[in-house]
Amino acid sequence: MNQETTHHVNVSDLNFDVLKKIRGYLRRMVDAGGSDLHVKANSIVRARINGDIVPLSGEILSKEDALIFAKELLRTRFPELVEKKELDLVYPFDENTRFRINIFFQMEGISAVFRLIPVKILSVDELNLPEIVHSFAEMERGLVLVTGVTGSGKSTTLAALIDEINRTRRKHIITIEDPIEFVHKDRKCIINQRSVGQDTISFGNALRAALREDPDIILVGEMRDMETIEIALHAADTGHLVFSTLHTLDAKETINRIISVFPTGEQNRVRMTLASVIKGVISQRLIPTVEGKRTAALEILIRTPRIEQLIAENRDIEIPDTIAEGKELYKSQTFDQGILDLFLNGRISREDAFAFATSASDLKLRMEGLSTTVEKGKLGVDEGPKVFKEDEYFGLKE
């Protein structure tokens, strides 16, 4: 380790010139509608805008300037970065803009990724999520999971659900996060938000303590390990409503991931508990829209007697078909059903629908089936032979 990185930081020695330059990039990224800024030693600064990584300038950030930037950003917390090699924190840019930052060492020096956190918490409707998502904010007990890859909007969806509860019910909500992203003010609810590392030692410790703090609803930022999953299942089983996230691709993988964390001898017990407490799984993928923005395509599992049976009997492979079959009655949906709805509503292109579908061939068959339906005049269009045109179908209801 370079000796310079081990020194404590004297804030009075810093002029914050590099940080000011990075703040300029942050402003440009926000103005361009970006979501993440990537700062890397010996490289140019780049941003993720509408899903793509694009350069913001041709200027190389030297290894020395990256180190100075880290000291200016972290100040007295810089020795903590040296010790832990990576650090999470929230950076208030101005009164309307905040960023979640992960700063870390890599082979060429220091890198940092700034993720934009909207100050305004968007509602379920403003996020254009399916109507059934509201039902998760109305539940009294059980486990609700929001899943997806990093950057798929899990925290945004959870914030919308917590905000809806906060505005409509009188409950005690405890959130355990790393770090806290969306800040909730008490409205009808009491909300205690705890940051791992700052307000508690670990997710497990905070979750165990939460059970003694008279909660109605517990949000666990991420179910990272067996201890956290075990306590979360116990909390849901003892009458609490528990929200959490997992980095899984869909509902079936989510069920498998939770159970596979446990030793083989424990898996049957965990499977039975999960079958009884799971209320729903919302899995997300962000897809480019025709307006050049991004929207969330959702797979939604709703716990039904059939779903409970499949989980309990280790028949997870049947879950996707059961989700699809429940669309009309339970408002559940697979990714491909959700993507088809987005396409038919004119929000995404045919190309992107196929690109993000679980099965592009199956989705194509569904589209061709709808095309045939329209041609035959079954949806109230003019009778007689007619070539299916996507823009003529948009807005029609089945």
Donor-acceptor under 3.5 Å ([X] side chain, [Y] main chain):
X	Y	answer
Arg271	Ile311	yes
Glu164	Val124	no
Asn166	Arg187	yes
Ser135	Ile132	yes
Lys71	Phe78	no
Asp216	Lys171	no

With salt bridge (charged side-chain N to carboxylate O under 4.0 Å, His left out) as the rule and sequence neighbours excluded, what pairs involving residues 272-301 come up?
none
Taking salt bridge (charged side-chain N to carboxylate O under 4.0 Å, His left out) as the cut-off, I'd like each qualifying pair that reaches into residues 112-123, sequence neighbours left out, listed once.
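The answer is Asp36-Arg115, Lys120-Glu126.
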[X] to [Y] - nearest heavy-atom pair and separation:
X	Y	result
Ile121	Ala159	CG2-O, 3.6 Å
Leu122	Ala160	O-CB, 3.2 Å
Ser332	Ile302	CB-CG1, 4.0 Å
Leu286	Gly153	CD1-N, 4.5 Å
Ile300	Ile323	O-CG2, 3.5 Å
Ala112	Phe69	CB-CE2, 3.9 Å

Give a yes-or-no answer on whether the side chains of [X] and [Y] include a donor-acceptor pair shorter than 3.5 Å.
X	Y	result
Thr157	Gln284	yes
Thr245	Glu222	no
Tyr91	Arg23	yes
Thr295	Arg347	yes

Report, as yes or no, whether the 6.0 Å neighbourhood of atom CZ on Arg27 holds more than 12 heavy atoms from other residues, nucleotides or ligands.
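Yes, CZ of Arg27 has more than 12 neighbouring heavy atoms, counting only those of other groups under 6.0 Å.
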Thinking salt bridges, do [X] and [Y] make one under a 4.0 Å N-O criterion?
X	Y	result
Asp17	Lys21	no
Lys327	Asp341	yes
Lys85	Glu80	no
Asp52	Arg48	no

Return the [atom1] to [atom2] distance between [X] and [Y], rounded to the nearest 0.5 Å.
X	Y	atom1	atom2	result
Ile103	Phe114	CD1	CZ	7.0 Å
Leu56	His38	CG	NE2	10.5 Å
Ile174	Cys189	CD1	SG	12.0 Å
His240	His172	NE2	NE2	10.5 Å
Asp163	Thr168	CG	OG1	9.0 Å
Ile110	Phe104	CD1	CZ	10.0 Å

Taking C-beta and beyond as the side chain, do Leu219 and Ile176 meet within less than 4.5 Å on heavy atoms?
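The answer is no, as the side chains (C-beta and beyond) never meet within the 4.5 Å cut-off.
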Grouping I, L, V, M, F, W and Y whenever their side-chain heavy atoms are under 4.5 Å apart, do Leu67 and Leu74 come out in a common cluster?
yes
Suppose we screen for side-chain contact (heavy atoms from CB on, under 4.5 Å). Which residues come up paired with [X], at least two apart in sequence or across chains?
X	result
Gln193	Thr175, Glu177, Ile180, Val183, His184, Ile191
Arg141	none
Glu351	Ser349

Result block: side-chain N/O donor-acceptor pairs under 3.5 angstrom for residues 253-263, not counting sequence neighbours:
| residue | atom | partner | partner atom | Å |
| --- | --- | --- | --- | --- |
| Glu253 | OE1 | Leu249 | N | 3.0 |
| Glu253 | OE2 | Arg257 | NH2 | 2.9 |
| Thr254 | OG1 | Thr248 | OG1 | 2.6 |
| Thr254 | OG1 | Asp250 | O | 2.7 |
| Asn256 | ND2 | Lys252 | O | 3.3 |
| Ser260 | OG | Asn256 | O | 3.0 |
| Ser260 | OG | Arg257 | O | 3.1 |

Identify the residue among Thr156, Leu158, Ile117, Val90 that makes a side chain to side chain contact (heavy atoms under 4.5 Å, CB included) with Glu181.
Ile117
Residue from Tyr25, Phe99, Phe93 passing side chain to side chain contact (heavy atoms under 4.5 Å, CB included) with Val30:
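When side chain to side chain contact (heavy atoms under 4.5 Å, CB included) is applied between Val30 and each of Tyr25, Phe99, Phe93, only Phe99 qualifies.
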Do Arg269 and Glu230 pass the salt bridge (Lys or Arg N to Asp or Glu O under 4.0 Å) test, and can you show the C-alpha distance, the side-chain angles, and the key distance before you say yes or no?
CA-CA 11 Å; Arg269 172 187 65 82; Glu230 180 80 79; 3.0 Å; yes
